[in-house]
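What follows is a single structure, written as structure tokens, with notes after it.
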There are 2 protein chains.
Amino acid sequence: MATINDVARAAGVSISTVSYALSGKRAIGAATRDRIDAAVAQLGYRPNAGARMLAGSRTNLLALSAPLHADTYAPAHMTFVLAIAEAAREFDYDTVLLVQDEAVNGLRRMVSSKLVDGIVLLDVDRDDNRVPLVRELDIPVTLVGIPADTAGLTCVDLDFEAAARLSVERLAALGHRQIGLIGHPLDLYARGSNFPIRFRDAFVEAAADKGVALHFVMPEQEPASVRAAVEELRQSLPEMTAVVLNANEPVHTMLLELLRSDGVSIPNDLSILSACSSFPTDMLDPPLDVIPLPALITGRRGVELTMHQLDGFSEPVVELVPPSYITRGSTSSVA
Amino acid sequence: MATINDVARAAGVSISTVSYALSGKRAIGAATRDRIDAAVAQLGYRPNAGARMLAGSRTNLLALSAPLHADTYAPAHMTFVLAIAEAAREFDYDTVLLVQDEAVNGLRRMVSSKLVDGIVLLDVDRDDNRVPLVRELDIPVTLVGIPADTAGLTCVDLDFEAAARLSVERLAALGHRQIGLIGHPLDLYARGSNFPIRFRDAFVEAAADKGVALHFVMPEQEPASVRAAVEELRQSLPEMTAVVLNANEPVHTMLLELLRSDGVSIPNDLSILSACSSFPTDMLDPPLDVIPLPALITGRRGVELTMHQLDGFSEPVVELVPPSYITRGSTSSVA
DNA sequence: GCGCATTATCGAAGCGCTTCGACAGTTCGA
DNA sequence: TCGAACTGTCGAAGCGCTTCGATAATGCGC
């Protein structure tokens, strides 16, 4: 493997000249630069990562702390991981993946061994046990998800409260007065999971504001449970004309299948809105109106905020990505 | 951050003594070692990763090449990623995640910058474009999945052919003479995807061997398509008494929901077997007999084989993990 | 045509670690 | 009782890079 020395020799210059030519940190004559570039290309030179880490101030490595709870919905999670790894590459960073208990225990190791320049925390719960830890870590950290206490932390997430309000407002504007809300399984809320709770609470509040009757159910991810949930909604809201889903893809599929077999027509008999979904709802049958959870945007933003801190901007920010509403024809105004 | 120098000073020894004490590569007096250990603990010393990479011969970093096709089934994929990252930790390795095009292009970068000691390739297709690349990479590589030409490569995977045979044999032994096989969506086969093809072909062969009539369908992941597939099976095999699923979890759910609404009783009317599934089938309703695709075992083995190569064992191996059959009561003998 | 700022390049120090060879001090068989 | 063979420890070289502080060489105003 070629070293900077080989390049310097091949180009007939000193190694510091090569280094400056490659980093651009000092001006280099055009002719010299050309010779260096040629030597680099010819030798297939690539700086040694270890040497760069040791001598320089950056490792060009980012830690991604991605714990996985038993109830983590894999496709959504994966989208975030992808978004972050890809965004990191745009800053010439690679991603070290920390899963399971390493998502917590590995962090300190990353920092004290100076392996990474920054950390992105995925799937942050309200009372996440990583939060106290990263508070004392002297390194750029960005949380994707908003914990209960954000003091001193840089966070980014979809504005779930705004998404909930947007859901209620759109449906209320269409004349719906009784709305069913299908949430995630119960234990997710019990665990203090982040956005389902924030969404639910804001939804309840917005419904009250708009004078809309609301019933909330938390089915498990299986047909029988979804069926029971729908029965419960119908019982509790006899005039229900709209349903908002804040749930996983399988629950969407199950609900639509169930409504179809019941002969319910969408949106004529029932308006449906999928809120904070991280999967495409245009493949569903029928396609659903959606307020997307933009994993790509949020994940990328998490990386950007980390890079921003690396560039010396250290005032912590809590960034809420505003929700958007995409129409697919699954809602209509009440007759 | 404490350096080895600080530790040496605190323990009153030279830095080489500290290094040897920590690596165990030379004998160190018990008393000296104790003083060093105490200093390490007290200072919270952790070797600088960059320095270690530069001076030593190992980086303790593993690259995980995980491309993601549009049709990649996230939960299964995730299980592999998890298994590999966790297994790596057991060897004191961290995992650098390469996704999308980096899964291909990043490999050369990893090697020439000496960032990683080894590579694990996930989701290897029959004619994977990473295969020619890794052939010329002078670094330990293990493929999870078996490409068409394995010459010179170390690979590991479930023995899909054996799994297919096992499926047919078990059902044939129970007296089933007409078996439906529900596979993945068509484009997966068209793309030359690895194990679905190997499974299908071996299944066809085994069925012929055992004199079992077989029909093969490839539904999309949506209820209507699954329904059509089942109709096709019934049409083609009027006496069909068993169905083997080599498909994603949603297709399982859809099939079971559909059979339930048709009043089909499992296993009385129809025996069902889930083959090469990477998700738990005991949560389904009803729980299904399964030949699991053991992501944990295969993934971990991928790491182990890489470490083995690092230890100097360089003869390439193709390792096939034998399938196992787990009974959950969804199959029975033909009346 | 003189000093002065600017531009292009170089040498050397040092990042924190591993590892080789040296060397006292100890043990032990002959 | 003497050298051979260990044991335990140290100093120094070097891994490949970045970066600081020279040093020429050039251009500029006056």
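Just the heavy atoms: all of them, side chains too, but no hydrogens, waters or symmetry mates, feed the values below. Order of the sequence lines fixes the chain letters, A, B, ..., with proteins taken first and strands second; residue numbering starts at 1 for each chain.
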*Please determine if E304(B) and R301(B) form a salt bridge, counting it only when a charged side-chain N lies under 4.0 Å from a carboxylate O.*
yes
_Of S16(A) and M1(A), the one whose closest DNA chain D nucleotide lies more 5'_ = M1(A)
_Taking any heavy-atom pair under 4.0 Å as a contact, classify T3(B): base, sugar-phosphate, or nothing._
sugar-phosphate
*What pairs with L296(B) under side-chain contact (heavy atoms from CB on, under 4.5 Å), at least two apart in sequence or on another chain?*
T79(B), A83(B)
_My understanding is that only residues two or more places apart in sequence, or in another chain, count here; which of them pass side-chain contact (heavy atoms from CB on, under 4.5 Å) with P294(B)?_
L158(B), I297(B), T298(B), V321(B)
_Heavy-atom side-chain proximity of E102(B) to R109(B) below 4.5 angstrom_ = yes
_Going 5' to 3' along DNA chain D, which are the first and last nucleotides with any atom under 4.0 Å from a heavy atom of chain B?_
dG8(D) to dG16(D)
*Is D138(B) atom CG crowded by more than 12 heavy atoms from other residues, nucleotides or ligands, each under 6.0 Å away?*
no
*Most 5' of I28(A) and I15(A) on DNA chain C, judged by nearest nucleotide*: I28(A)
Find every protein N or O atom lying less than 3.5 Å from an N or O atom of nucleotides 22-28 of chain C, and list the pairs.
from: dA22(C); atom 1: N6; to: R26(B); atom 2: NH1; distance (Å): 3.4

*Over 12 non-hydrogen atoms of neighbours within 6.0 angstrom of CG in D311(B)*: yes
*Do the side chains of L293(A) and F80(A) get nearer than 4.5 Å, heavy atoms only?*
yes
*asked:* Suppose the criterion is salt bridge (Lys or Arg N to Asp or Glu O under 4.0 Å): which pairs have a residue in residues 23-32 of chain A, not counting sequence neighbours?
replied: none
*Please list residues of residues 29-54 of chain A whose heavy atoms come under 4.0 Å from any atom in DNA chain C, ordered by number; otherwise none.*
G29(A), T32(A), L54(A)
*asked:* With a 3.5 Å distance limit and no angle check, can you tell me whether T17(B) reaches the backbone of V13(B) through a side-chain donor-acceptor pair?
replied: no
*Between R89(B) (side chain) and G106(A) (backbone), is there a donor-acceptor pair under 3.5 Å?*
no
